[in-house]
Number of protein chains: 2
Amino acid sequence: MEVKGKTDRKTQVIEAAEALFSDKGFLATSMRDLAEALELEAASLYTHISSKDELLFLIADRCANEFFEAINPIYKSNLNTEAKLTAMIVAHMEVIARNLPASAVFFNEWKHLAEPRKSEYAQRRDDYEAIFRSVVRKGFEENLFYNYDEGFSTRTILAALNWTHTWYKPDGELKPEEIGERLAKILLTGLIRNM
Amino acid sequence: MEVKGKTDRKTQVIEAAEALFSDKGFLATSMRDLAEALELEAASLYTHISSKDELLFLIADRCANEFFEAINPIYKSNLNTEAKLTAMIVAHMEVIARNLPASAVFFNEWKHLAEPRKSEYAQRRDDYEAIFRSVVRKGFEENLFYNYDEGFSTRTILAALNWTHTWYKPDGELKPEEIGERLAKILLTGLIRNM
DNA sequence: GTCTATAGTTTGATAGAC
DNA sequence: GTCTATCAAACTATAGAC
């Protein structure tokens, strides 16, 4: 039984794929491009992964898991609605920041998954949005927010959040936590009544 | 000299391409797919356009023009900053709504333009964002907005706006104008001091 | 685990008949 | 303006030697 280190070959393949898929797009990246980045021949990649589609799935699936694991404990906590939503926004932002190429793939390339993975993925995305939506709904029920519909407000929050991957720089001025908090402030103060 | 009607063959080709590129993506759409949608053979398409890249350019370029034409008169008007930004948001939303497939291509597929078109396009996008940014900056200078940096606030506005193309339905409850106004309200009331 | 060689498709685009 | 026929290149993936 081999012990897998951080420089595990399969991990290297996946990380190189994240960078290329994020930069050029899934379809615009050939297995030859990927092999070249790893200084391999294309055929050698198939020792580590079974297909290009599996590679896309591995990237998107791991990223999805990270998003769920980040917000679930917060969702289940006893925080009040405003604090809970803010913490979820910050947590989501932190997942993006520490998985920058992977989340670009996650957001932009999922449509190229082959079935049945594509449908399963779409379901998970809906489930994730539903968690945010239920917190927003709570805010309406508690009369904390103006009564805009949940779907509209939730999509606006996630849109503002998910766009950050296009401009966030790890070595920029703002830390992920600060970006999340600032975003939450802009969005929430717009939603909260009598502030 | 021929009079071009609405059912001009080239226009038909472009509109079919908008639908397919929007739905499946530029690279995932073959010229054969496009020909099939028009009940033609692939070779016949080249009577009307010179290359697949030109087709992508025509779609993105027309869409860019529409965005500039929609916001420029508002930008140059004498409206106060709050009203101006709201009107620009509504106008932008209306362009998305009446060019739904084209704007999906505009937002998601531009990276697949060949050079030098890709660089020119990136420049136009920056110019467009700069117009919004200058209005946001005015709001900071007038002490109308909290002092978050312009770039951050501007990107958040455009992110919320540009995500609407993923869920907006022409036959849905909300008209584009209502979506724009609601979006502006959420974003601006979050930015305006002492409201 | 990596290589060379290659099978089998699909791609964007062109030539030339009608 | 549309067709048939076709080219040259690129693609994912496999077979089998080392």
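Everything numeric here is computed off the predicted structure, so don't read it as measured data. First the proteins, then the strands, lettered A, B, ... as listed; each starts at 1.
- Contact record, A:Ala160 with A:Leu183: O-CD2, 3.9 Å, taken as the closest heavy-atom pair.
- Going from atom NE2 of B:His48 over to atom P of D:dC3 covers 9 Å, rounded to whole Å.
- The nearest whole Å value for the distance from the CG atom in A:Leu38 to the P atom in C:dC3 is 11 Å.
- Classification of B:Arg117 and B:Asp61 as a salt-bridged pair fails, no side-chain N sitting under 4.0 Å from a carboxylate O.
- Close to D:dG1, at under 4.0 Å from its OP1 or OP2, lies no side-chain N or O of B:Ser44.
- One interatomic measurement links the two molecules: CG of B:Leu56 to C1' of C:dT11, which rounds to 17 Å at whole-angstrom precision.
- For the pair B:Tyr168 and B:Leu100, the tightest heavy-atom approach, listed with the atom from each and the gap, is O-CD2, 3.7 Å.
- Atom CD in B:Glu41 sits roughly 5 Å away from atom P in D:dT4 (whole-Å rounding).
- The distance between atom CD of A:Glu36 and atom P of C:dT2, rounded to the nearest whole Å, is 16 Å.
- By the 4.0 Å N-to-carboxylate-O rule, B:Glu94 lies too far from B:Arg98 to be salt-bridged with it.
- At whole-Å resolution of the value, NE2 in B:His112 and P in C:dG12 are 13 Å apart.
- In summary, B:Glu66 and B:Arg62 engage in a salt bridge, as defined by a charged side-chain N under 4.0 Å from a carboxylate O.
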**B/S/- contact track for nucleotides 11-18 of chain D, protein heavy atom under 4.0 Å** = BBBBB---
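- A:Glu129 and A:Arg125 are not joined by a salt bridge, as no carboxylate oxygen comes within less than 4.0 angstrom of a charged side-chain nitrogen.
- Computed from coordinates, the B:Leu45 CG to C:dG12 P distance equals 10 Å when rounded to whole Å.
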